[in-house]
Amino acid sequence: MSKNKTITLDVSELEAPYPLMQGLEAVHNLNEDEILIFKHRMSPCKLFEAIEKNSLKYEIIKDEENHFEMKIHK
């Protein structure tokens, strides 16, 4: 039984468009055995489109003012 590798991508300190660019790259490069934890200041609306196109699943962990976090996996 293999354990999934967790990758944390915290883009909360970056200015636009870098959070989206890094998020898109991470989503496209996500492997079967990896879980991506994506952290940002706000909900990344455009990233959801890429998640759906890549048939990935996601779970929103936290959605508060100035703090958004979600788990993305295959």
Side-chain angles (χ1 to χ4, degrees):
M1 193 166 113
S2 66
K3 188 172 176 352
N4 287 346
K5 178 183 173 190
T6 301
I7 300 163
T8 301
L9 177 60
D10 185 348
V11 296
S12 57
E13 299 295 318
L14 299 177
E15 294 301 318
Y18 298 107
L20 178 60
M21 290 169 58
Q22 288 192 13
L24 289 172
E25 183 178 350
V27 164
H28 287 298
N29 294 327
L30 197 63
N31 293 319
E32 284 290 330
D33 63 340
E34 294 175 332
I35 295 171
L36 174 65
I37 304 294
F38 182 84
K39 299 180 180 187
H40 193 18
R41 294 182 305 275
M42 64 190 108
S43 178
C45 301
K46 293 192 163 122
L47 192 57
F48 290 113
E49 294 170 23
I51 290 169
E52 288 179 16
K53 276 186 194 168
N54 286 285
S55 302
L56 299 173
K57 297 176 182 76
Y58 69 92
E59 174 186 336
I60 295 173
I61 300 167
K62 228 181 237 187
D63 192 359
E64 299 169 355
E65 188 176 346
N66 299 319
H67 186 94
F68 178 87
E69 193 171 321
M70 77 173 151
K71 179 166 66 172
I72 306 165
H73 57 92
K74 292 204 175 195

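Worth saying up front: this structure is predicted, and the values here are computed from it rather than measured. Heavy-atom basis, side chains included; hydrogens, waters and symmetry copies ignored.
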* Using a side-chain heavy atom cutoff under 4.5 Å and only I, L, V, M, F, W and Y, what cluster partners does Ile37 have? ->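 Its cluster partners, ordered by chain and number, are Ile35, Ile61.
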How long is the span from the [atom1] atom in [X] to the [atom2] atom in [Y], to the nearest 0.5 Å?
X	Y	atom1	atom2	answer
Ile51	His73	CD1	NE2	10.0 Å
Glu34	Lys5	CD	NZ	5.5 Å
Leu36	Asn4	CG	CG	12.5 Å

Would you mind writing out the side-chain donor-acceptor pairs for residues 23-30 within the sub-3.5 Å range, not counting sequence neighbours?
residue : atom : partner : partner atom : Å
Asn29   : ND2  : Glu25   : O            : 3.1

message = Evaluate Leu14 against Met21 for side chain to side chain contact (heavy atoms under 4.5 Å, CB included), listing each step before the verdict.
response = CA-CA 11 Å; Leu14 299 177; Met21 290 169 58; over 6 Å; no
Please identify each residue that fulfils salt bridge (Lys or Arg N to Asp or Glu O under 4.0 Å) with Lys74, with sequence neighbours left out.
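Result, salt bridge (Lys or Arg N to Asp or Glu O under 4.0 Å) vs Lys74: none returned.
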Worksheet entry | Note, Phe68 side chain near Ile60 side chain (heavy atom, < 4.5 Å) |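 Phe68 vs Ile60: side chains touch.
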Please table the atom pairs, donor to acceptor, closer than 3.5 Å between any side-chain atom in residues 42-49 and protein atoms at least two apart or in another chain.
none

Next item on the list: Could you note down all residue pairs passing side chain to side chain donor-acceptor pair (under 3.5 Å) where residues 7-23 supplies at least one of them, sequence neighbours left out?
Entry: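 Matches after skipping sequence neighbours: Asp10-Ser12.
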| message | Quick test of your reading: applying salt bridge (Lys or Arg N to Asp or Glu O under 4.0 Å), list the pairs with at least one residue in residues 52-61, sequence neighbours left out, ordered by first then second residue. | response |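 Matches after skipping sequence neighbours: Glu59-Lys71.
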